[in-house]
Amino acid sequence: MAEAYHKDELDRRMNGAVATLKSELGGLRTGRASAALLDPVKVEAYGNVVPITRSERFPRPRRA
């Protein structure tokens, strides 16, 4: 028997899939270095597991 699908549930799941795809595509190399490449990397800092880009040891670009 066919399952009933609810539009709200399908919208929520599709939006989640699109957000995940955007995140994954953001990590692709395009010839330039990007901090987004390191988003999946987690480190322990001060007792918490955080993305490496949020740790104090990660160099950030300087603003001019």
Side-chain angles (χ1 to χ4, degrees):
M1 183 173 203
E3 293 183 33
Y5 294 103
H6 299 283
K7 185 177 182 319
D8 293 338
E9 176 68 14
L10 291 174
D11 284 341
R12 183 189 67 77
R13 292 178 65 188
M14 184 58 70
N15 288 335
V18 170
T20 300
L21 179 62
K22 283 182 180 181
S23 173
E24 293 293 322
L25 291 178
L28 290 178
R29 301 232 24 204
T30 59
R32 293 175 37 193
S34 170
L37 291 171
L38 296 174
D39 283 345
V41 178
K42 307 284 187 211
V43 296
E44 185 175 341
Y46 303 108
N48 296 317
V49 176
V50 295
I52 194 169
T53 55
R54 302 286 183 239
S55 72
E56 291 187 25
R57 294 184 180 199
F58 185 76
R60 290 173 181 81
R62 296 177 188 246
R63 291 189 172 202

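Quick note: numbers below take in every heavy atom, side chains included, and nothing from hydrogens, waters or symmetry partners.
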Please test Val43 against Val50 for side-chain contact (heavy atoms from CB on, under 4.5 Å), starting from the C-alpha separation and ending with a verdict.
-> CA-CA 6 Å; Val43 296; Val50 295; 4.2 Å; yes
Short N-O contact, Arg12 and Asp8, less than 4.0 angstrom = no
Within the side chain of Ser23, is there an N or O that forms a donor-acceptor pair under 3.5 Å with the backbone of Ala19?
-> no
Starting at CE of Met14, measure out to NZ of Lys7 and round the result to the nearest 0.5 Å.
-> 11.0 Å
